[in-house]
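Single-structure report; data block below.
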Amino acid sequence: MHINVDQLQFGLDTFGDIAYKDETKERMSYEESLRNIVEEAKLADEHGVDAIALGEHHREEYSISSPETVLAALSLVTKNITLGTGVTVLSSDDPVRLYERFATIDALSNGRAQMMIGRGAYTESFPLFGYDLRNYNELFEEKIALLNELIKNEPVTWKGNLTQSLDHVQVYPKLEKKLDVVVGVGGTPESIVRAAKYNFPVVLAIIGGNPARFKPFVDLYHKTTHELGNTPQSVGMHSLGVIAETDEEAKEIAWDYIKATMDRVARERGGSPMKREHFEYEVNDGAYFVGSPETVAQKIAHTIPAVGVQRFNLVYSVGGQLQKHRFQTIRLYGEKVIPRVKELLRERINRN
């Protein structure tokens with residue numbers, strides 16, 4: 001894989017996991033959590049991180065149910081960072097309203113909005129907003145097709161089955177450029193081919209196992225894009241991580257909080273609690289980017305060419321964590337990890 005280091009992107013993702021107070025170890029209120037996410041994004045922007053993506057969840061352990069509202073706030077207190085979602089659950093939303101919200105954020109932020117659409121890891125939004133889970137696939141198929149028409153910034157005529165019908169409707173605010181849309185996928189061939197069909201960039205959610213096993217999906221995306229005659233788009237990935245001054249400190253933070261999250265998911269889905277051996281595997285050879293800045297940078301620099309991605313996003317707040325540890329991960333990622341990854345990759349290119 002040819003790597004253009006200058007075109008690589010490095011981002012941060014958060015689902016809005018509610019953090020814990022540094023002094024008392026008590027869980028924050030939803031209000032305080034949301035205000036601190038604004039501070040986290042400002043810190044990321046100040047340290048040169050390229051993008052931040054906010055997840056959409058409607059669950060007790062997360063504070064972000066309306067990511068676009070938070071992004072609108074961020075648009076006025078940040079300068080350079082791309083403001084996105086990770087992901088917007090398109091199936092249970094209205095494509096017209098989504099366009100309007102993201103076009104508004106794009107205008108407020110001077111063109112920094114990015115909508116990452118997907119079907120989501122949880123399904124709470126379907127009954128919450130009155131959608132039938134039996135239409136899970138059909139909803140996404142129809143809504144991505146409608147959204148693809150809306151972002152062309154021209155009047156839309158659309159015959160809806162599970163969506164509204166439109167007759168030569170112009171949606172506002174009308175942008176001068178095409179809205180930036182990315183598809184977040186869990187790694188199914190059907191999702192990859194669909195994204196290639198619409199010529200949207202892709203971000204792979206790699207949350208377990210050796211990341212290199214996703215390389216065939218990257219190859220399928222580029223192959224399909226080429227066969228369709230579309231312009232090549234980027235492929236990215238996101239994975240869980242914790243960065244601290246030492247490997248030992250980072251591992252203990254990650255063990256406490258990633259394990260708690262994975263155990264909760266396992267209980268809900270009939271799985272088993274995470275064992276320490278599995279955690280150590282994920283840190284050493286799998287999809288957890290946990291350690292000192294040098295350790296994490298070395299792993300990212302190895303993973304980018306192994307998977308074939310042009311974008312790497314670190315999911316930095318899994319399980320909540322103490323607020324100071326979240327700030328520490330963000331600071332070290334921007335200050336030390338990203339420059340070191342670029343240095344390592346340039347060294348690799350020069351050797352070859």
Side-chain angles (χ1 to χ4, degrees), residues 7-17 34 37-57 62-91 93 95 97-121 143-144 147-148 150-151 175 177-186 191 195 198-206 233-241 309-317 330 333-334 338:
Q7 291 184 355
L8 294 176
Q9 288 190 312
F10 296 89
L12 288 164
D13 288 7
T14 178
F15 301 144
D17 313 56
L34 285 165
I37 289 165
V38 174
E39 296 304 314
E40 290 166 5
K42 287 167 62 177
L43 184 64
D45 189 41
E46 291 164 4
H47 283 83
V49 178
D50 294 316
I52 188 163
L54 310 183
E56 174 197 341
H57 288 291
Y62 301 117
S63 62
I64 303 176
S65 59
S66 177
E68 300 92 344
T69 306
V70 183
L71 293 176
L74 298 184
S75 71
L76 301 180
V77 295
T78 58
K79 296 179 180 179
N80 301 307
I81 196 166
T82 295
L83 304 173
T85 47
V87 298
T88 293
V89 185
L90 177 62
S91 308
D93 213 323
R97 293 293 287 148
L98 276 177
Y99 172 88
E100 291 176 340
R101 297 200 296 266
F102 276 91
T104 301
I105 296 166
D106 202 64
L108 290 171
S109 64
N110 291 310
R112 291 185 285 130
Q114 182 176 82
M115 184 194 310
M116 188 186 299
I117 56 174
R119 293 188 286 185
K143 290 185 177 186
I144 193 173
L147 181 65
N148 188 54
L150 292 165
I151 64 174
L175 299 178
K177 69 176 185 67
K178 194 172 183 179
L179 193 63
D180 187 3
V181 177
V182 179
V183 179
V185 301
S191 297
Y198 289 105
N199 206 27
F200 289 141
V202 165
V203 173
L204 294 158
I206 304 179
Q233 301 291 334
S234 68
V235 180
M237 61 174 283
H238 86 177
S239 292
L240 314 183
V309 294
Q310 295 81 45
R311 173 177 175 174
F312 180 88
N313 278 23
L314 187 78
V315 185
Y316 69 89
S317 62
I330 294 167
Y333 183 64
I338 295 173

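Just so it is clear, the model here is predicted, and its values are computed rather than measured.
Listed by first and then second residue, the salt bridge (Lys or Arg N to Asp or Glu O under 4.0 Å) pairs involving residues 63-78 are Glu68-Arg101 (not counting sequence neighbours).
The ring-ring contact (aromatic ring centres under 6.0 Å, His included) check on His57 picks up Phe15, Tyr62, Tyr122, with sequence neighbours excluded. With sequence neighbours excluded, the residues satisfying side chain to side chain donor-acceptor pair (under 3.5 Å) with Ser63 are Ser33. Looking at residues two or more places apart in sequence or on another chain, you find a side chain to side chain contact (heavy atoms under 4.5 Å, CB included) between Thr69 and Ser66. For the side chain to side chain contact (heavy atoms under 4.5 Å, CB included) test, residues two or more places apart in sequence or in another chain that qualify with Ala103 are Tyr99, Pro173, Leu175. Considering only residues two or more places apart in sequence or on other chains, Asp17 meets the side chain to side chain donor-acceptor pair (under 3.5 Å) condition with Ser317. Every residue meeting the side chain to side chain donor-acceptor pair (under 3.5 Å) condition with Thr85, not counting sequence neighbours, appears here in chain and number order: Thr88. Residues forming a salt bridge (charged side-chain N to carboxylate O under 4.0 Å, His left out) with Lys42 (at least two apart in sequence, or on another chain): Glu39. Partners of Asn199 by side chain to side chain contact (heavy atoms under 4.5 Å, CB included), not counting sequence neighbours, listed by chain and number: Thr225, Asn230, Thr231, Gln233. Take Glu46 and apply the salt bridge (charged side-chain N to carboxylate O under 4.0 Å, His left out) test, not counting sequence neighbours, and it matches no residue. Legend: residues meeting ring-ring contact (aromatic ring centres under 6.0 Å, His included) with Tyr316, ordered by chain and number and at least two apart, are absent.
Considering CZ of Phe102 and CG of Leu147, their distance stands at 9.5 Å, rounded to 0.5 Å. How far CD1 of Ile117 is from CD1 of Ile144: 4.0 Å, rounded to the nearest 0.5 Å. To the nearest 0.5 Å, atoms CG (Leu314) and CE (Met237) are separated by 9.5 Å. Taken to the nearest 0.5 Å, the CD atom of Gln9 stands 13.5 Å off from the CZ atom of Phe312. Leu98 CG to Asp93 CG: the interatomic distance, rounded to the nearest 0.5 Å, is 4.0 Å. One finds the CD atom of Glu56 at 10.0 Å from the CG atom of Leu90 (value rounded to the nearest 0.5 Å).
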Could you go through Val70 and Ile37, starting from their C-alpha distance and side-chain angles, then the distance that decides it, and tell me whether this counts as side-chain contact (heavy atoms from CB on, under 4.5 Å)?
CA-CA 8 Å; Val70 183; Ile37 289 165; 4.3 Å; yes

Pair Leu83-Ile52, side-chain contact (heavy atoms from CB on, under 4.5 Å): steps then yes or no:
CA-CA 6 Å; Leu83 304 173; Ile52 188 163; 4.1 Å; yes

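Looking at heavy atoms from C-beta onward, Leu204 lies in side-chain contact with Val185 at the 4.5 angstrom threshold. You'll find the side chain of Tyr333 reaches within 4.5 Å of the side chain of Ile338, heavy atoms only. Contact check for Ile151 versus Val181: side-chain heavy atoms found under the 4.5 Å cut-off. Contact of the Thr14 side chain with the Leu54 side chain is registered, since non-hydrogen atoms from C-beta on lie closer than 4.5 Å. A heavy-atom distance below 4.5 Å is found between the side chains of Gln310 and Val235.
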Validation: residues 106-115 side-chain donor-acceptor distances under 3.5 Å, sequence neighbours left out:
residue: Asp106; atom: OD1; partner: Ala113; partner atom: N; Å: 3.1
residue: Asp106; atom: OD1; partner: Lys177; partner atom: NZ; Å: 3.4
residue: Asp106; atom: OD2; partner: Lys177; partner atom: NZ; Å: 3.2
residue: Ser109; atom: OG; partner: Ile105; partner atom: O; Å: 2.8
residue: Ser109; atom: OG; partner: Asp106; partner atom: O; Å: 3.4
residue: Ser109; atom: OG; partner: Arg112; partner atom: N; Å: 3.1
residue: Arg112; atom: NE; partner: Lys79; partner atom: O; Å: 3.4
residue: Arg112; atom: NE; partner: Ser109; partner atom: O; Å: 2.9
residue: Arg112; atom: NH1; partner: Thr78; partner atom: OG1; Å: 2.8
residue: Arg112; atom: NH1; partner: Ile81; partner atom: O; Å: 2.8
residue: Arg112; atom: NH2; partner: Ser75; partner atom: O; Å: 3.3
residue: Arg112; atom: NH2; partner: Thr78; partner atom: O; Å: 2.9
residue: Arg112; atom: NH2; partner: Thr78; partner atom: OG1; Å: 3.4
residue: Gln114; atom: OE1; partner: Arg311; partner atom: NH1; Å: 2.8
residue: Gln114; atom: OE1; partner: Arg311; partner atom: NH2; Å: 3.3
residue: Gln114; atom: NE2; partner: Asp180; partner atom: OD2; Å: 2.8

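Pairing each heavy atom of Arg119 with each of Ser91, the nearest pair is CG-OG, 3.9 Å. In terms of heavy-atom proximity, Leu74 sits nearest to Val38 at CD2-CA, 3.6 Å.
The main-chain N or O of Gly11 is never found under 3.5 Å from a side-chain atom of Asp50 such that the two would form a donor-acceptor pair.
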